[in-house]
Trainee: 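Sharing a structure with you now.
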Amino acid sequence: MPEGKYLLNKAQVKCVDDKTVPTSTLRNYLRQRQNTEILGFWKLQLDIYNTAPLDTTTKSNRRLARNAKKMGEAPVVYDSELTEISMQQLRQQMNNMGYFQAEVDTSVTIKKRKVNLTYLVTAHQPYTIRRYEVDIPNEAVRAIATNERCLIKEGAQFSTATMDEERARIATALRNRGYFYFEKSMLEFTADSSLNSHQVDIRIHPAPFVEHLDSAALAQLRKRYYIREVSYKMDKPFLRKSALRRACRIKEGGRYAEWRVERTYARMNALAPVKYVDIAFTPVGDTLLDCSITVSRGRLNSVAAEVEGTYSAGDWGIAAGVNYSNKNIFKGAEVLSLGARASYEWRANGGRAIEAKAEAGLLFPSNVKVNIAYNYQQRPDEYTRTIANAGLSYIIPRRPGSRWTHQFNLIDINYIYLPWVSEQFKKEFMDRSSVLKASYENHFILDWSYTGTFTTYNARNPNRSYLQLSLYAETAGNALYGLSAAAGFQKNDDGSYMLWRIPFAQYAKGDINFTYHGIITPKHHLVGHIGIGAIVPYLNSEVVPFQKRYFGGGANGIRGWQARTLGPGTFRGNGSSLVYDKQAGDIRLDMNIEYRYKVLSFLELAAFLDAGNIWTIREYDEQPGGAFLFDEFYKQIAWSYGVGVRFDLSILIFRVDFGVKLHDPSRIAEGKQWRTAPNGLGWKDDMTFHFAIGYPF
């Protein structure tokens, strides 16, 4: 710091007499805040800035200084004038919230040329609304201002923010009723707080400038407008007009309504080939409007390729994929997507595993999607398996004003065929006495599923905390079972009905995922997640097909374990591929909490704590200790902790997480479940890296 200057080490707001005052909101009105901190104490960006060499006479030092200052954050030098301005801002905001007698003082401590500054707010008793008067002569406006949706309530605490919301509500309601020219600025509030009783009388009335409008302008305000004509313009013709008309909610001959304009923006911007939309209105005659919609074309074709290295359970591998998308294949905003992926893994025992997948999908503007896929798997010393899939789904996107999105997989067909199975694998899994045999036989799945997502995220206020809820339900085999029973179809030796001599799966599955994004500041986020799921076979199935069961661990689960190496219950694998196939369950529980700090626009650090496991619905000889028991499951919850780095590459987020086991339920029997140094915490067995795309939840 320069001589005579001080670093602003801490700037905080405290209310000394009313704990309900939102001090975190008040902090936004400070004109000067301390440097950004990680975990509330480490000023990392300031430290980066301070690495800049003071001697910039050499080219290398100038480059180092330039990079340090670009990536870092300059020190915040304490300014007493900005402190005074901040105090004025705090008093004004307290007045806006109804604390008309609020006082603001400061407490300043200086240590080692660092200033700790505390703004001390004394709120005193807030003012409440005694009487609310609507002084508006126009009957249409008055009717809306006095209806049951009015936000101003007698007896409530005074708030200028609420009054501004009420003006916006009235203006929006009027524009939805055809009053095209009405704006919220045409209304004004007057408050009288001179009652000596901590109460306020509020009156809403036309703004003074409205009374001075000429007769023609006043007549415009009082008229309701109708749509005469809707026309479409494209910089280059790329969409059929019929596709635009289907997306448009502004109707010729209909009354103007703002909600129809907003809905049209949303629906047209949702069309895949559209880059942006502009909607303009031109008055025609006395009460008519012509609507002109300009649509600009975005990129229609895209190709993406990826190559990655993989490491799982001690085995290294390589994978590559390519995806192609055409966002306007039939000139009606239909999206064609094609993809292919192949992977090769070198097994520690000298074998190799190969997997290849091809898929195609077609999404129509009506939100109907058709998809087909084919997957080939070759695993050494185990089996060769093919999976053919076809499906038809319908998506109901989130509508304006709604927070729900719904997707129905109307039909999803899977055919699993194993042309070759090793003798050792048959012995482990497909013996007559093995209850897991049905998971690995040829089988047929005809299922129906529903996915519902709910969110309170508001794109207009991205720095506000929000929650997300995801619901999933799936059922398979019911219609086939009813038909088979009615028609007396043949059963196999296990007592299961067959379709074309292949048994079909019958089960019900349900999942709930809840995530809360706590946004402390734009750079500091605390995210919590809970996921619960269960799948139950019945009637035609004794065990759920392997690909439909749950697995534990992995980059999006309990990150102290590699994928498919945790559970079920206290079951412990030995790393072999055969045991690896047994680490699947019918019940899952995931609990995660993660602190995220954005260091730079492209760099984010994280610290996390994960807990959970998977279980089977009953005890199986092949999975000892895996059954879910109410009096035991809480002892079998796995815990892990760790840190991570996220790189925001604009088009995607690349993530690296380092997880460490804390409580390993598979070691309960030997008394070493708590993985600390005395119990032999080891790099190979208790720590793992995860490389992934996107956030874990």
Side-chain angles (χ1 to χ4, degrees), residues 239-249 259-260 262-274 277 298 300 302 323-339 357-375 387-415 444-457 468-483 504-513 533 535 545 547-548:
L239 269 174
R240 295 195 305 269
K241 291 289 182 68
S242 58
L244 293 174
R245 283 193 290 268
R246 282 195 300 268
C248 182
R249 284 295 174 263
W259 72 266
R260 289 187 176 276
E262 293 176 351
R263 185 75 60 83
T264 300
Y265 268 118
R267 289 174 63 91
M268 287 193 173
N269 280 316
L271 296 176
V274 172
V277 177
L300 300 184
S302 63
N323 292 280
Y324 167 76
S325 176
N326 185 314
K327 299 178 181 179
N328 198 31
I329 187 67
F330 301 128
K331 309 299 182 184
E334 304 88 356
V335 180
L336 172 69
S337 56
L338 304 173
K357 182 178 182 180
E359 57 186 336
L362 183 61
L363 175 63
F364 294 91
S366 58
N367 294 313
V368 172
K369 184 177 182 180
V370 180
N371 65 277
I372 57 173
Y374 180 81
N375 196 336
I387 303 174
N389 167 265
L392 175 68
S393 60
Y394 176 63
I395 304 168
I396 304 177
R398 188 165 68 249
R399 300 179 183 277
S402 174
R403 294 175 175 176
W404 281 96
T405 300
H406 307 276
Q407 176 172 336
F408 297 90
N409 286 338
L410 305 176
I411 187 171
D412 193 41
I413 303 171
N414 289 270
Y415 173 54
F444 183 83
I445 302 174
L446 176 62
D447 65 49
W448 176 96
S449 65
Y450 160 79
T451 302
T453 57
F454 172 88
T455 181
T456 61
Y457 176 76
Q468 292 176 303
L469 175 67
S470 174
L471 306 176
Y472 180 78
E474 178 182 337
T475 183
N478 298 324
L480 290 177
Y481 187 87
L483 177 64
F504 58 85
Q506 189 170 10
Y507 58 85
K509 184 177 185 179
D511 288 277
I512 300 175
N513 284 280
I535 184 167
Q547 67 272 21
K548 293 291 183 177

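Only heavy atoms go into these numbers, but all of them, side chains included; no hydrogens, no water, no symmetry mates.
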Trainee: Taking atom CD1 of Ile413 as the centre, does the number of heavy atoms from other residues, nucleotides or ligands within less than 6.0 Å exceed 12?
Mentor: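 Yes.
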
Trainee: As an exercise, state the distance from CZ of Arg245 to CZ of Arg240, rounded to the nearest 0.5 Å.
Mentor: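 Output value for this atom pair is 10.5 Å.
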
Trainee: What is the distance from atom OG1 of Thr451 to atom NE2 of His406, rounded to the nearest 0.5 Å?
Mentor: 11.0 Å

Trainee: Indicate yes or no: does Lys548 engage Asp447 in a salt bridge with an N to O separation below 4.0 Å.
Mentor: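 Yes, Lys548 and Asp447 are salt-bridged.
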
Trainee: Heavy atoms only: give me the nearest Leu410-Trp448 pair and the separation to one decimal.
Mentor: O-CD1, 3.5 Å

Trainee: With Leu362 as reference, evaluate Ile329, Ile372, Asn326 under the side chain to side chain contact (heavy atoms under 4.5 Å, CB included) test and give the passing residue.
Mentor: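 That would be Ile329.
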
Trainee: Looking at every non-hydrogen atom in both residues, tell me the closest pair between Val277 and Tyr265 and how far apart they are.
Mentor: O-CE2, 3.2 Å

Trainee: How far does CG of Asn513 sit from OG1 of Thr453, to the nearest 0.5 angstrom?
Mentor: 11.5 Å

Trainee: Between atom OH of Tyr450 and atom CD of Gln407, what is the distance when rounded to the nearest 0.5 Å?
Mentor: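 Going from OH on Tyr450 over to CD on Gln407, the span is 10.5 Å.
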
Trainee: Should we say atom NZ of Lys369 is surrounded by more than 12 heavy atoms from elsewhere, each under 6.0 Å from it?
Mentor: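 No, because the 6.0 Å sphere around NZ of Lys369 holds 12 heavy atoms or fewer from other groups.
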
Trainee: With side chain to side chain donor-acceptor pair (under 3.5 Å) as the criterion, how do Asp412 and Asn414 come out once you've worked through the C-alpha distance, each side chain's angles and the decisive distance to 0.1 Å?
Mentor: CA-CA 7 Å; Asp412 193 41; Asn414 289 270; 3.3 Å; yes

Trainee: Looking at Lys327 and Ala272, what are the two nearest heavy atoms and their distance?
Mentor: CD-O, 3.5 Å

Trainee: Heavy atoms only: give me the nearest Asn323-Gly339 pair and the separation to one decimal.
Mentor: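 Heavy-atom minimum between the residues: OD1-CA, 3.5 Å.
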
Trainee: Should Ser470 and Asp511 be marked as a side-chain contact (heavy atoms from CB on, under 4.5 Å) after you check the CA-CA gap, both sets of side-chain angles, and the distance that decides it?
Mentor: CA-CA 8 Å; Ser470 174; Asp511 288 277; over 6 Å; no

Trainee: Once you round to the nearest 0.5 Å, how far does CZ of Phe408 lie from OG of Ser393?
Mentor: 11.5 Å

Trainee: Hey, mind stepping through Ser449 and Asn409 against side chain to side chain donor-acceptor pair (under 3.5 Å) and telling me if it holds?
Mentor: CA-CA 5 Å; Ser449 65; Asn409 286 338; 2.8 Å; yes

Trainee: I need the minimum non-hydrogen distance between Leu271 and Ala333, along with the two atoms involved.
Mentor: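 Result for this residue pair: CD2-CB, 3.9 Å.
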
Trainee: Please check: side-chain N/O of Thr264 versus main-chain N/O of Arg249, any donor-acceptor pairing under 3.5 Å?
Mentor: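 Pair found, side chain donor or acceptor close to backbone of Arg249.
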
Trainee: Which distance, rounded to the nearest 0.5 Å, do you find between the CG of Leu363 and the CG of Asn371?
Mentor: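 Rounded to the nearest 0.5 Å, the CG-CG separation comes out at 10.5 Å.
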
Trainee: Would you name the heavy atoms of Gly332 and Leu239 that are closest together and state the gap between them?
Mentor: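 Of all heavy-atom pairs spanning Gly332 and Leu239, the closest is C-CD2, 3.9 Å.
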
